[in-house]
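Numbering of ligands and ligand atoms starts at 1, following listing order. Everything numeric in this text was worked out from a predicted model, so none of it was measured.
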Amino acid sequence: MAEIGQDITHARQVLQSGGLVAIPTETVYGLAGNALDDEVVSKIFSAKNRPSFDPLIVHVSNIEQAKNFVEEVPVQAQTLASKNWPGPLTLLLKRKSNIPDLVTAGLDTVAIRVPAHELTQRLLSTLDFPLAAPSANPFGYVSPTTAEHVNQQLGDKLDYILDGGACTVGIESTIMSFEADAPRVLRLGGLSLEEIESVVGPVEVNIHSSSKPDAPGMLKSHYAPNTEIVLVEDFLQKGKNSTSRIGALAFNKYIEGIDPKNQFLLSKSGDLDEAARRLFTGLRTLDQRKDIDTIVTAYVPNQGLGRAINDRIKRATAKE
Ligand code: TXA
Ligand code: MG
């Protein structure tokens, strides 16, 4: 288990001496280290057990700092950044050579984001290097939205956990690319498509979900708990009728035929932002229940953050 606290000075010292610190952001907790130090970046990959072909997001304190690491910022990227940074938006931009190959898995773009969390903002502004940080979960598992989640799974691999409370968005950032000046969403996340389109007009959504993606990190089976998880329609089709060891992750109403005590409701009032905030906690809570062997789940309304929630549900229930 790692030391947990709110000591930014200590976090800074650990990072300056090449250590790993879990940092709070508005989306999920990140497993952070000096993005410009190859040795530290390798440690991040091995702590997560993450394949080296899956590149990392580089966190900076503002758009000016971002410009030290990218060749150019296309107009629409600039517009989106001015409106939404700090916030749950990651931009893929042409990288400068000061970003190590290891961080980008050899790609010529780097993923950059300015997180909106007071502690992490303060930390970033006192560092003279950016922070590479993937979500602080073992590769393929559900992302952490509290310091406790991080400690349970990666505590022994970290030097410090900066505790910033529960994440307020609760789902990873939206990732966008701007190849040939066309804005595209590559990962649905904490900034909704509606908000993006209100700024730059219609954008293409190009979500990879295969078992061998060209765009790394978009693996089909991902965000998965250890307990078997199935969509309600598949569950009903299989004709399972024993309700005893079944749990459910449902939107705003209990799924019929399953004991309500075994169900986690994402938002009783049907609020998609609240559902996003509670999604990963819900998955973890059900996963930890010893008396549940199968989690049944269902899609939520496909709008606002519902799109990102549905993407995670789709990946969690993907076979493979
Ligand atoms: O909200 C978030 O984005 C959180 C917090 C900690 O900032 N971070 C996060 O990182 O979700 P991670 O590593 O779990 O997911 C980053 C995703 C991966 O799917 C990776 O493949 C993709 O970003 N990615 C990173 N750099 C890329 C690049 N240059 N081109 C394409 N995809 C990239
Ligand atoms: Mg992740």
Side-chain angles (χ1 to χ4, degrees), residues 20-33 35 41 44-45 47-60 69-70 84-96 99-117 120-121 123-124 130-145 149-150 153-154 161-162 164 167-179 184-191 206-210 213-224 276 279-280 305 308 311-312 315-316:
L20 300 183
V21 173
I23 54 165
T25 82
E26 77 283 28
T27 59
V28 301
Y29 274 72
L31 195 178
V41 175
I44 295 176
F45 278 97
K48 259 194 83 116
N49 211 358
R50 177 176 177 122
S52 58
F53 62 74
D54 194 359
L56 305 179
I57 296 176
V58 172
H59 298 69
V60 296
F69 306 105
V70 302
N84 295 288
W85 276 356
L89 172 69
T90 295
L91 302 177
L92 299 184
L93 301 169
K94 202 153 190 301
R95 68 155 159 157
K96 280 189 177 155
I99 293 289
D101 281 345
L102 212 51
V103 170
T104 67
L107 298 173
D108 62 0
T109 54
V110 58
I112 305 252
R113 144 164 154 79
V114 178
H117 190 291
T120 294
Q121 269 290 334
L123 176 64
L124 281 168
L131 293 176
S135 53
N137 51 284
F139 185 69
Y141 194 73
V142 180
S143 295
T145 52
H149 292 165
V150 178
Q153 291 188 305
L154 292 179
I161 299 175
L162 191 58
C167 300
T168 53
V169 174
I171 204 155
E172 299 85 348
S173 61
T174 301
I175 302 182
M176 294 188 69
S177 71
F178 298 87
E179 248 171 75
R184 271 193 198 89
V185 169
L186 299 190
R187 177 175 74 182
L188 293 161
L191 184 66
N206 200 341
I207 307 297
H208 290 257
S209 97
S210 68
D214 308 327
M218 301 299 168
L219 296 170
K220 192 171 165 200
S221 174
H222 217 64
Y223 307 100
L279 177 67
F280 293 147
L305 294 196
D311 171 80
R312 305 308 186 264
R315 288 173 204 272

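Contact atoms of ligand 1 toward L107: 28 (C), 29 (N), 30 (N) (distance under 4.0 Å to a heavy atom of the residue). The distance from ligand 1 to the heavy atoms of H59 drops below 4.0 Å at these ligand atoms: 5 (C), 6 (C), 7 (O). In the vicinity of I57, heavy-atom distances shorter than 4.0 Å reach the ligand 1 atoms 3 (O), 8 (N), 9 (C), 10 (O), 16 (C). Shown in contact with A111 at under 4.0 Å from a heavy atom are these atoms of ligand 1, numbered in order with element: 25 (C), 26 (N). Residue-ligand proximity, P134 to ligand 1, at heavy-atom distances under 4.0 Å covers atoms 10 (O), 12 (P), 13 (O). Those atoms of ligand 1 with a heavy atom of D54 less than 4.0 angstrom away are 18 (C), 20 (C), 21 (O). Listed by number with element, the atoms of ligand 1 under 4.0 angstrom from any heavy atom of S173 are 1 (O), 2 (C), 3 (O). Listed by atom number, the atoms of ligand 1 under 4.0 Å from G30 heavy atoms are 6 (C).
The shortest side-chain heavy-atom distance between P144 and Q153 does not fall under the 4.5 Å cut-off. Counting heavy atoms from C-beta outward, P115 and L124 have side chains that approach closer than 4.5 Å. Residues I112 and W85 are in side-chain contact: their nearest non-hydrogen atoms beyond the backbone lie under 4.5 Å apart. Looking at heavy atoms from C-beta onward, V58 lies out of side-chain contact with R95 at the 4.5 angstrom threshold.
In L92, the part holding a heavy atom less than 4.0 Å from any atom of ligand 1 is the side chain. Contacts between I23 and ligand 1, counted as non-hydrogen atom pairs separated by less than 4.0 Å, are absent for every part of the residue.
The backbone N or O of P24 lies less than 3.5 Å from a partner atom in the side chain of T120, making a donor-acceptor pair. Judged by distance alone, with hydrogens and angles left aside, the side-chain atoms of S177 form no donor-acceptor pair with the main-chain N or O of L92 at under 3.5 Å. Side-chain atoms of R50 come within 3.5 Å of backbone atoms of P55 as a donor-acceptor pair (strictly under, hydrogens ignored). Proximity of a side-chain donor or acceptor of Y29 to a complementary backbone N or O of C167 within less than 3.5 Å is not detected.
For residues 104-116, every residue pair satisfying the salt bridge (charged side-chain N to carboxylate O under 4.0 Å, His left out) rule, not counting sequence neighbours, is listed here: E26-R113.
Each of N84, T25, T90 was compared with S173 under the side-chain hydrogen bond (donor to acceptor under 3.5 Å, both in side chains) criterion, and only T90 meets it.
Taking the side chain to side chain donor-acceptor pair (under 3.5 Å) definition, one finds that N206 meets it with nothing, sequence neighbours left out. Every side chain to side chain donor-acceptor pair (under 3.5 Å) that S135 has, sequence neighbours left out, goes to K48, N137.
If you check each of V103, I171, T27, I44 against atom 1 (O) of ligand 1, the one with the closest non-hydrogen atom is T27.
Taken from CZ in R187 to CD1 in I57, the straight-line distance is 5.0 Å, to the nearest 0.5 Å. Taking CD of E172 as the reference point, atom CG of D311 lies at 9.0 Å (rounded to 0.5 Å).
Put simply, part of R50 is less than 4.0 Å from ligand 1, judged by heavy atoms. Residue contacts with ligand 1: T109 is included, with a non-hydrogen atom under 4.0 Å away.
Geometrically, ligand 1 and Y29 share no nitrogen or oxygen pair separated by less than 3.5 Å. Polar contact with ligand 1: present for R113 (N/O pair, distance under 3.5 Å). Looking at T104 next to ligand 1, no N or O pair under 3.5 Å apart turns up.
Around the Mg ion (ligand 2), the protein atoms of type N, O or S found under 2.8 Å away are S135 OG, listed by chain and number.
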